[in-house]
Amino acid sequence: RVKIIVNHGEIPQVTVNQELLQWVLENLIRNSLDAMDKPIGVIEVKSGYEQKKNQIIIEYYDNGKGILRGNQKKIFQPGMTTKKHGWGMGLALVKRIVEEYHKGKIKLVNSNSQGTQFNISLPVERN
């Protein structure tokens, strides 16, 4: 069983490719589901607006088993996988979609045996 919690904060409109951004979140969710080792899994997605930097922040949390410390610096590299049948392209493409296509940033904030947190920031176009 997995509980998915979504909290939308007050955010301004931002121009994004909806399909690509959905794929980013879908990929993070699939990775979380693969990492679930608790009786009840929790995935939480929060969005908010950081006015000083004029950007949307998406905080993504799960309570899976986490990413081993030795792998944390390599997770966005193409070919990096810990899955038996993985290609190691998921997080590499996530990073490319967020950073190259949307001019944002994705960062692994924390990962341990209690779970993992990623933050995604997306710029808000100035009018």
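- Val16 and Ile57 are not part of a single hydrophobic cluster, where members link through side-chain heavy atoms under 4.5 Å apart.
- No path of Ile, Leu, Val, Met, Phe, Trp and Tyr side chains, each step under 4.5 Å between heavy atoms, connects Val109 with Leu25, placing them in separate hydrophobic clusters.
- Contact detail for Gly66 and Thr116: the closest heavy-atom pair is CA-OG1, 3.5 Å.
- In terms of hydrophobic clustering, with Ile, Leu, Val, Met, Phe, Trp and Tyr side chains grouped at heavy-atom distances under 4.5 Å, Leu108 and Ile29 are assigned to a common cluster.
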Would Gln114 and Asn63 satisfy side chain to side chain donor-acceptor pair (under 3.5 Å), going step by step from the backbone distance to the final call?
CA-CA 5 Å; Gln114 302 304 305; Asn63 71 334; over 6 Å; no

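- Phe76 approaches Lys95 most closely through the heavy-atom pair CB-CD, 3.5 Å.
- Checked options Val94, Asn17, Leu93; the residue passing with Val24 is Val94 (criterion: side chain to side chain contact (heavy atoms under 4.5 Å, CB included)).
- Residues Glu99 and Ile106 share a closest heavy-atom pair of OE2-N, 3.3 Å.
- To the nearest 0.5 Å, the span separating CD1 on Ile5 from CD1 on Ile43 amounts to 10.0 Å.
- Of all the heavy atoms in Ile75 and Leu91, the pair that sits closest is O-CB, 3.4 Å.
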Before giving the answer on side chain to side chain donor-acceptor pair (under 3.5 Å), spell out for Tyr60 and Ser32 the whole-Å C-alpha distance, their side-chain angles and the decisive distance to 0.1 Å.
CA-CA 10 Å; Tyr60 180 92; Ser32 294; 2.6 Å; yes

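- Between the side chain of Lys73 and the main chain of Gly70, no donor-acceptor pair closer than 3.5 Å is present.
- The minimum heavy-atom distance linking Met89 with Pro78 is given by the pair SD-CB, 4.0 Å.
- For the pair Lys38 (side chain) and Gly64 (backbone), a donor-acceptor distance under 3.5 Å is present.
- Other residues, nucleotides and ligands contribute at most 12 non-hydrogen atoms within 6.0 Å of the NZ atom of Lys65.
- Looking at Glu59 and Tyr61, their side chains do bring a donor and an acceptor atom within 3.5 Å of each other.
- The heavy-atom pair separating Val124 from Val14 by the smallest distance is CA-CG2, 4.4 Å.
- At a threshold of 4.5 Å between non-hydrogen side-chain atoms, the residues Trp23 and Ile97 count as touching.
- A single hydrophobic cluster is seen to contain both Val2 and Val6, as judged by linkage of ILVMFWY side chains at heavy-atom distances under 4.5 Å, directly or through other members.
- Taking OG from Ser121 and NZ from Lys105, the interatomic distance works out to 7.5 Å, rounded to the nearest 0.5 Å.
- In terms of hydrophobic clustering, with Ile, Leu, Val, Met, Phe, Trp and Tyr side chains grouped at heavy-atom distances under 4.5 Å, Leu33 and Leu68 are assigned to different clusters.
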